[in-house]
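Just so it is clear, the model here is predicted, and its values are computed rather than measured. Residue numbers start at 1 and run along the sequence shown.
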Amino acid sequence: MFKLFFSFSGRINRARFWAVIAFWLLVRVGVPYLLYTFAMLPGQSLDIQDASASPEIFEAGKLYAVLTVVSLFSTVSAAVRRLHDFDASGLWAILLFIPGIEFIAYLVIGLIGSQRGTNRYGVNPLGENNIYFPGNEEMRVKELKDLATLFEKGLLSEAEYEKAKKAILK
């Protein structure tokens with residue numbers, strides 16, 4: 001679970017990317033609603049004077065600020081791994097910090113399909129998409145070389161390496 005939300009290495013598919021985005025959207029909308037609804041902020045208006053006078057609102061604001069930072073880190077890490085999935089540099093995630101185009105950047109990152117097979121960032125997370133056609137031996141050799149390189153760098157365990165190798169060779 002920690003790797004899904006906070007790792008910058010490897011690849012994730014579109015479904016997992018959108019699951020991370022939806023999770024943090026629900027948390028960031030749901031937590032203030034729950035705090036306001038259930039006894040932490042009973043009957044308070046959200047006026048500036050109330051916020052300065054109420055320690056509950058101040059504490060809730062600190063909690064929400066922490067959730068915002070954690071969710072930002074998590075969504076950027078998911079975007080970087082999603083960029084890796086179609087063999088793009090994670091530096092493109094900088095677009096997520098430019099006001100006005102961040103929404104478009106999230107859509108583009110989340111909608112582009114996976115690159116087939118392995119790339120410099122790892123094995124395709126949707127292993128069933130690694131289809132080889134008869135006569136396309138160059139692609140198979142490239143896949144095996146990429147896989148061996150990932151194994152040598154320590155990015156794949158021996159079990160993952162053998163499983164991916166077997167899938168390529170069948």
Contacts of [X] that satisfy side-chain contact (heavy atoms from CB on, under 4.5 Å) - sequence neighbours left out:
X    : result
S77  : F8, R81
I98  : L95, I101
S9   : S7
V108 : I104, I112

[X] side-chain N/O to [Y] backbone N/O, donor-acceptor pair under 3.5 Å:
X    : Y   : value
N119 : H84 : yes
S71  : W24 : no
S74  : V70 : no
Y121 : L83 : no

V29: hydrophobic cluster co-members (side-chain, 4.5 Å):
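Besides V29, the hydrophobic cluster comprises L25, listed by chain and residue number.
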
Starting from L26 and following side-chain heavy-atom contacts under 4.5 Å between hydrophobic residues (I, L, V, M, F, W, Y), which residues can be reached?
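So far as hydrophobic clustering goes, L26 is joined with none.
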
Is the closest side-chain heavy-atom distance between R11 and Q115 below 4.5 Å?
yes

Within a strict 4.5 Å, meaning less than it, do heavy atoms of the E162 and S157 side chains meet?
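Result no, sub-4.5 Å side-chain heavy-atom pair not found.
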
Closest heavy-atom contact between P125 and D85?
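Heavy atoms of P125 and D85 come nearest at CD-OD1, 3.3 Å.
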
Can you tell me how far [atom2] of [Y] sits from [atom1] of [X], rounded to the nearest 0.5 angstrom?
X    : Y    : atom1 : atom2 : result
I109 : T75  : CD1   : OG1   : 10.0 Å
R82  : L111 : CZ    : CG    : 8.5 Å
L147 : K163 : CG    : NZ    : 12.5 Å

Could you note down all residue pairs passing ring-ring contact (aromatic ring centres under 6.0 Å, His included) where residues 90-116 supplies at least one of them, sequence neighbours left out?
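Sorted pair list comes back empty.
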
Sort and list the pairs that fulfil salt bridge (charged side-chain N to carboxylate O under 4.0 Å, His left out) and have at least one residue in [range], not counting sequence neighbours.
range            : result
residues 87-104  : D87-R120
residues 146-157 : K142-D146
residues 65-78   : none

Is it the case that one hydrophobic cluster holds both F5 and V66, taking links as side-chain heavy atoms less than 4.5 Å apart, direct or via other members?
yes

Do V80 and L107 sit in one hydrophobic cluster, given that two such residues count as connected whenever their side-chain heavy atoms are within less than 4.5 Å of each other, even indirectly?
yes

Criterion side-chain contact (heavy atoms from CB on, under 4.5 Å) on F151 and E158, from CA distance to verdict
CA-CA 7 Å; F151 179 67; E158 190 168 345; 4.1 Å; yes

Sorted by first residue and then second, give each side chain to side chain donor-acceptor pair (under 3.5 Å) pair with at least one member in residues 12-23; sequence neighbours left out.
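Checked against side chain to side chain donor-acceptor pair (under 3.5 Å) - neighbours excluded - no pair reaches residues 12-23.
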
Taking ring-ring contact (aromatic ring centres under 6.0 Å, His included) as the definition, give me every residue that meets it alongside F17, ordered by chain and number, with sequence neighbours left out.
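F17 satisfies ring-ring contact (aromatic ring centres under 6.0 Å, His included) with no residue once adjacent residues are dropped.
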
